[in-house]
Amino acid sequence: MADMDTMTLDEREATIGGIGTSRKRTEDARFIRGKGNYIDDHKLPGMLHGDFVRSSHAHALIKSIDTAAA
Amino acid sequence: MSTTTVNLNVNGKPVSAEVEPRTLLIHLLRENLNITGPHIGCETSHCGACTVDLNGKSVKSCTIFAVQADGAELMTVEGLAAGGELHPLQEGFVEHHGLQCGYCTPGILVRSYRFLQDNPNPSDEEIRVGISGNLCRCTGYQNIVKAIQYAADKLGSKEAAE
């Protein structure tokens, strides 16, 4: 192995790695298997779901909010 | 709303589920069957993150009702790795950095699988057209194309060897 002080980038890539060399990602293993565990993939006991209720009026005063359906 | 039973084969395993007629296939997969590989990316049928392989065709599972998959053979990204061994497509995506956040990746993998079945020797341009139903916000597609070419080569030489 060449002297550490005089190694070229290619030599370093082939041996010790470090600054300037490529690294394989560790997260790909689960992403390509569909095990990404993104937020919506989580299922927790007692979990609630949120949704946005948009106003049907462009300009109005909220007089009351009826949460019965929710 | 009344429910009905759907029976289908998912990644080689028979499943049965009670669904409403309005239930989308993507929700059957993600909510009822806990198969979370296919993702919901857009709610408009544009992005392809929900792509599955239904009876030998690439299908956006957000645009199909679960009841339409009754009696079907379905494959999701979880079904690509046969017996624990990665599919050449999955290898290619790792080797050629074909993913960053990974959200579009299951859909692209499943679409590429069917694409290569139909066109085992594609040009780069054919690949780009072939996966044009799948959007990726991270990569710019260059490495995705390289990854698919890698898989096409590997599958081609595997076939030649058999």
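Chain letters run A, B, ... following the sequence lines, proteins first and then strands; every chain starts at 1. Note that the structure is predicted; figures quoted are calculated from it, not measured.
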Under a 3.5 Å distance rule, please check whether Y38(A) uses its side chain to pair with a backbone N or O of T36(B) as donor and acceptor. no

Compare all side-chain heavy atoms of I32(A) with those of E91(B) and state whether any distance is below 4.5 angstrom. no

Decide if atom CD of E27(A) counts as having more than 12 heavy atoms of other residues, nucleotides or ligands within a radius under 6.0 Å. yes

For N121(B), does the CG atom have more than 12 heavy-atom neighbours from other residues, nucleotides or ligands under 6.0 Å away? no

NE2/H57(A): more than 12 non-hydrogen atoms of other groups inside 6.0 Å: no

Looking only at H87(B), H39(B), E31(B), the option with the highest number of non-hydrogen pairs under 4.5 Å against chain A is H39(B)

Tell me, out of N34(B), L89(B), T76(B), who's got the most heavy-atom pairs with chain A below 4.5 Å. N34(B)

Taking side chain as C-beta onward, heavy atoms only, is R25(A) less than 4.5 Å from L99(B)? yes

L86(B) versus chain A, heavy atoms under 4.5 Å apart: side chain, backbone, both or neither? side chain

May I ask you to test the R30(B)-D41(A) pair for a side-chain heavy-atom distance under 4.5 Å? yes

How about L44(A): does its CG atom have over 12 heavy atoms from other parts shown lying under 6.0 Å from it? yes

Non-hydrogen atoms of P106(B) and G34(A) that approach each other most closely: CG-CA, 4.4 Å

Does R30(A) CZ have over 12 foreign heavy atoms under 6.0 Å away? yes

Under a single-linkage definition using a 4.5 Å side-chain heavy-atom cutoff for Ile, Leu, Val, Met, Phe, Trp and Tyr, are V110(B) and L116(B) assigned to the same hydrophobic cluster? yes

